[in-house]
Amino acid sequence: AQSVTQPDIHITVSEGASLELRCNYSYGATPYLFWYVQSPGQGLQLLLKYFSGDTLVQGIKGFEAEFKRSQSSFNLRKPSVHWSDAAEYFCAVGRPQAGTALIFGKGTTLSVSS
Amino acid sequence: EAGVVQSPRYKIIEKKQPVAFWCNPISGHNTLYWYLQNLGQGPELLIRYENEEAVDDSQLPKDRFSAERLKGVDSTLKIQPAELGDSAVYLCASSSRQGSADTQYFGPGTRLTVL
């Protein structure tokens with residue numbers, strides 16, 4: 001069965017420090033992978049996605065993620081965190097067939113300290 | 001380009017009352033999804049539409065939940081009667097095809113509180 005694990009429920013990072021949010025997936029073939037961000041009271045905004053090709057993908061707001069097939073991971077990174085990055089982050093996996101539902105992790109809440 | 005629109009944003013009802021949520025997807029998106037997001041959890045699919053057809057409703061509790069997408073554009077999700085455990089955020093998403101893959105775009109959600 002497909003599943004996504006985000007091991008860290010809550011992370012606190014100092015403003016200006018680097019960030020890495022972990023995501024591991026279980027899937028029988030190459031998945032389509034996504035990171036979404038959700039601010040309080042808001043819907044999910046797409047940060048970046050991986051379908052194929054270069055395993056390092058760039059997204060919006062200075063985020064990037066790296067697909068590592070051998071580790072079944074798709075970790076999200078940002079070199080310097082801003083206070084406005086405080087939010088909840090969700091990793092998701094989709095099947096290669098277009099139009100199928102996403103399987104989400106339980107999310108990681110990011111707090112940014114000054 | 002307008003994003004996915006949902007209304008209402010918030011709804012408070014008494015248990016056993018009916019409630020309906022409305023979603024207008026991004027123009028031109030044929031695939032529409034309803035997800036349920038419980039507190040502290042990631043979204044989970046309730047139902048997926050391809051145009052007017054519900055192609056995946058296996059997770060929809062059909063005894064009290066219903067959905068429709070009559071003209072292949074807007075969609076309505078209904079709960080009747082609502083139970084305390086239905087308190088959650090109901091998210092609508094739509095997607096476009098990019099070759100063999102698609103990207104889902106989400107609306108702001110409807111936060112339902114059942115008292």
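Below, chain A is the first sequence line, B the second, and so on; all start at residue 1.
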query = Aromatic rings F34(A) and F51(A): how do their planes relate, parallel, tilted or perpendicular, breaks at 30° and 60°?
reply = perpendicular

message = Using heavy-atom distances under 4.5 Å, tell me whether L46(A) contacts chain B through its side chain, its backbone, both, or neither.
response = side chain

request  = Classify the angle between the aromatic ring planes of F104(A) and F106(B) as parallel (below 30°), tilted (30 to 60°) or perpendicular (above 60°).
outcome  = perpendicular

request  = With a 4.5 angstrom heavy-atom cut-off, could you sort out which part of I9(A) is near chain B: side chain, backbone, both or neither?
outcome  = neither

ask   = Which bit of E44(B) is near chain A, if near means a heavy-atom gap under 4.5 Å: side chain, backbone, both or neither?
value = neither

Residue part contacting chain B, namely of Q6(A), when any heavy atom lies under 4.5 Å = neither

request  = Could you tell me whether Y90(B) and F21(B) have their ring centroids closer than 6.0 angstrom?
outcome  = yes

Validation row: D86(B), F65(B) side chains within 4.5 angstrom (heavy atoms) = yes

